Structures are given as structure tokens and as C-alpha cells.
Amino acid sequence: MPSLSDSYRNHPLHIHHKHHDLYSLQELPESYTWTNINDNTFTYPSSNNISEGSSVNVPVIDLNDPNASTLIGHACKTWGVFQVVNHGVPLSLLDDIEWVGLTLFSLPSQQKLKAARCPNGVSGYGLARISSFFPKLMWSEGFTILGSPLEHFRQLWPHDYNKYCDIVLQYDETMKKLAEKLMWMMLDSLGITKEDLKWAGSKSQFSEACAALQLNSYPSCPDPNRAMGLAPHTDSTLFTILYQNNISGLQVKHDGSDDGNGWVTVPPLSGGLVINVGDLLHILSNGLYPSAFHRVLVNRTRQRFSAAYLFGPPANVEICPHAKLVGPSRPPLYRPVTWNEQFSHTINTRLQILFYK
Ligand SMILES: C=C1C[C@]23C[C@@]1(O)CC[C@H]2[C@@]12CCC[C@@](C)(C(=O)O1)[C@H]2[C@@H]3C(=O)O
Ligand SMILES: O=C(O)CCC(=O)C(=O)O
Ligand SMILES: [Fe+2]
């Protein structure tokens with residue numbers, strides 16, 4: 001059965017550039033300068049974590065609310081993104097994963113490069129996978145974990161890799177449980193039941209589901225108005241569960257935004273987790289739940305950190321508009337696609353899902 005890793009073997013990422021230590025640069029190199037950033041398609045979050053003053057806010061949903069499923073459905077339909085509180089993930093675990101990430105990214109470059117992702121691999125240290133679709137580099141570094149982080153962590157911390165591995169494994173396990181709960185709430189809000197979704201498995205526990213953990217670091221930047229932390233994109237997932245530290249920077253495109261350019265900041269919420277609808281849920285819902293088009297901006301003084309749990313179906317299962325959401329007045333808008341295919345698509349092709357359907 002082909003896996004996510006097999007897919008990358010077929011779609012290697014070749015980016016030839018000099019590795020820069022972003023933490024020591026005093027000036028923005030040309031290769032990181034996004035020239036048209038100052039037109040009115042961009043705004044910048046303040047470095048002090050204050051909300052951007054938009055009158056439209058990303059919904060915040062209490063998972064203990066008896067109406068949570070309906071509220072989630074509404075948020076998915078109107079935003080494609082929402083935050084959850086009372087999600088049951090211990091705050092200490094969020095602190096722990098942040099500690100792993102910050103410790104990892106603060107290692108010397110040479111050490112980090114020992115765990116570099118290979119061109120046809122998924123796991124390891126390096127640039128975001130989407131980098132190859134953009135002419136300029138992003139002001140961030142990432143570490144992707146698919147399966148066990150053991151081999152890479154052994155390279156990074158030869159003597160005490162175990163304590164870092166344990167935290168990652170516990171984080172994965174906890175996120176998987178939350179993902180399963182959210183998945184059923186989202187499907188419930190679409191009128192889809194456990195019996196309606198074959199690939200979820202006989203116990204409907206998503207035992208075959210795939211997930212990757214992406215740790216992201218956005219160092220403080222000498223010229224934030226001309227840099228891009230993570231370029232606008234959608235996630236290829238069913239959905240993503242994102243922990244962000246208390247530094248703002250994440251923005252989502254939203255029609256109702258009143259800042260003149262369509263971007264709304266997703267403000268860090270103590271103990272909150274951000275849920276982004278991904279392309280596969282967009283397809284499965286036959287366009288009812290749009291995937292969140294998002295980006296990350298950076299700031300001059302503070303390092304930002306995030307951990308994205310990217311949740312999807314088994315990599316080679318075909319996802320198509322669900323039969324219950326298709327009818328004479330609502331034809332299927334998308335052809336069947338596997339997760340493997342979807343994340344191999346170029347950003348422009350992915351955007352067709354959003355804008356050119
Ligand atoms: C499972 C995956 C989704 C992802 C590609 C990956 O293999 C692991 C990294 C993920 C990530 C995180 C940052 C943004 C993103 C677009 C990227 O470049 O790498 C996503 C990918 C995705 O959603 O397709
Ligand atoms: O850092 C963030 O807030 C967003 C990260 C992200 O979009 C991703 O990892 O896919
Ligand atoms: Fe993303």
C-alpha cells in the first residue's frame with residue numbers, strides 16, 4: 001500500500017540555495033525579499049500580540065457546548081477555520097511540544113542539518129514543502145515528523161533523544177484522539193454518519209488515518225515588511241490542528257474582512273487550538289466547507305512557534321464528494337483524489353479548488 005513517503009519519492013523537492021542561519025542575519029537577503037508585499041494585499045501583525053482591530057473574528061468554539069457540532073458546521077461553512085477551547089488537551093502538553101520545538105530550532109545550524117529532510121523524504125528539518133512553488137524563500141524553518149522521530153532525534157540529541165521522542169509520541173497520540181472527535185463532529189454537521197464512511201474502519205476509529213506533525217519556527221526578522229513567514233496556501237489535509245504560541249502572525253483569507261485586503265489575523269488564544277479545514281474535507285463536503293487559505297507573517301522582535309497536526313485519510317484512499325451531498329441540483333464538483341495526489345499538486349492547482357471551480 002503506497003504511503004505518504006512513497007509519494008515523496010515520486011515528487012522530490014529540489015531547492016538549491018545557500019542555507020542561512022535566520023537567527024543571526026542583520027539584514028534581509030535578496031532571496032528572502034518579497035518585492036510586492038507592500039501592495040494592499042498584505043497587512044502586518046503587531047509584534048505585541050494585539051488583535052488587528054478587524055470587526056470580523058474567527059469563531060471560537062467550546063467543545064463542551066452541547067451545540068458544538070452545529071457551531072463547528074457553521075464555522076466550517078462560513079470561515080473554513082475556527083478555534084477550539086475545552087478540547088481536553090493538557091496545557092502542559094502544549095508547553096512540552098513548544099519546548100521540544102524551541103530546543104530543536106535553537107540548535108546550531110550544523111547540528112540541525114544532520115537531521116535534514118532528504119529531497120524525496122517527508123520527515124526531517126528543512127524548508128516547507130511548498131517552498132518550491134515560490135520564487136522567494138520564506139522566513140521560517142520547519143521540522144516534519146511522520147511516524148517515529150527516533151532516527152532524526154538521535155542525530156540531533158545523541159545522548160538524550162528519548163525525552164524528546166516521548167513528548168512527540170504523546171502529542172501524536174493526544175492529537176489523534178482529538179482529531180477523531182472533531183472529524184465525527186464535522187461529519188455529523190454534514191449529515192454523514194459512521195456507517196457512511198467506509199475508510200474510517202470497522203470500528204470507525206480512523207485506525208488507518210494518516211497524520212504528520214509539522215513544527216514551525218519563525219525567527220524575529222530584521223525587515224518584516226518585506227518578508228513572508230509562510231506563503232499563502234491551503235493544507236492538503238482533511239483538517240489541521242494547530243497550536244500557535246502567543247505571538248500573532250497567522251492570517252486567513254476571508255470575504256467579510258474589513259481591512260481592505262481580505263486577510264484576518266487568527267489571534268493567539270491561551271490554551272486554544274486552531275482548526276483549519278483542508279482540501280480533502282473541502283472535496284468530501286462537495287465544496288460546502290471551504291479549505292482555509294492562510295499565511296504567516298513575521299515580526300521584528302519575537303520568535304514565533306507553531307505545531308501543526310496534519311490529519312488525513314490513508315494516503316491512497318480516494319476522497320470524493322460524499323454521495324449524501326450530491327444530487328440532481330448539486331452535481332459533484334470535484335473528481336476523486338488521494339491525499340498523495342493532493343499534496344503533490346502545485347499551489348496554483350490547489351487554488352483552483354478555491355477560486356476557479
Ligand atoms: C502531510 C503533509 C502535509 C504537508 C506536506 C506533508 O507531507 C508534511 C508537511 C505539510 C506541510 C506543512 C506546512 C504547509 C504545507 C503546505 C507544506 O509545505 O508542508 C503542508 C503540506 C500540505 O498540507 O500539503
Ligand atoms: O504557523 C502557523 O500558524 C501556520 C502553519 C501552517 O500553516 C502549516 O504548518 O501548515
Ligand atoms: Fe498550513
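One-based numbering, in listed order, for ligands and for the atoms of each. Side-chain atoms are counted along with the backbone in the values below, which use heavy atoms only and exclude waters and symmetry mates. No experiment lies behind these values; they were computed from the predicted model shown.
Note on K177 versus E180: no salt bridge recorded, every NZ/NE/NH1/NH2 to OD/OE distance being 4.0 Å or above.
Of the listed options Q244, R304, R129, H233, R304 places a heavy atom closest to atom 3 (O) of ligand 2. With atom 10 (O) of ligand 2 as the reference point, the heavy atom nearest to it among D235, L297, T237 is part of D235.
At a 4.0 Å cut-off, not a single heavy atom of T240 sits close enough to ligand 2 to count as contact.
Residue I241 forms a side chain to side chain contact (heavy atoms under 4.5 Å, CB included) with just one option from L273, V274, L310, V89, and that option is L273.
Looking at R129 against ligand 1, both its backbone and its side chain come within 4.0 Å, counting heavy atoms. With a 4.0 Å heavy-atom cut-off, ligand 1 is reached by the side chain of T144 but not by its N, CA, C or O.
Among residue pairs with one or both ends in residues 66-85, those qualifying as side-chain hydrogen bond (donor to acceptor under 3.5 Å, both in side chains) are S69-D188; sequence neighbours excluded.
In the vicinity of A308, heavy-atom distances shorter than 4.0 Å reach the ligand 2 atoms 9 (O). Near Y218, meaning under 4.0 Å from any of its heavy atoms, are these atoms of ligand 2: 1 (O), 2 (C), 4 (C), 5 (C). The contact set between ligand 2 and H294, taken as ligand atoms under 4.0 Å from a residue heavy atom, comprises 7 (O).
Considering backbone and side-chain N/O atoms, Q214 never comes within less than 3.5 Å of an N/O atom of ligand 2.
Aromatic pair H233/F133: centroids not less than 6.0 angstrom apart.
Around the Fe ion (ligand 3), the protein atoms of type N, O or S found under 2.8 Å away are H233 NE2, D235 OD1, H294 NE2, listed by chain and number.
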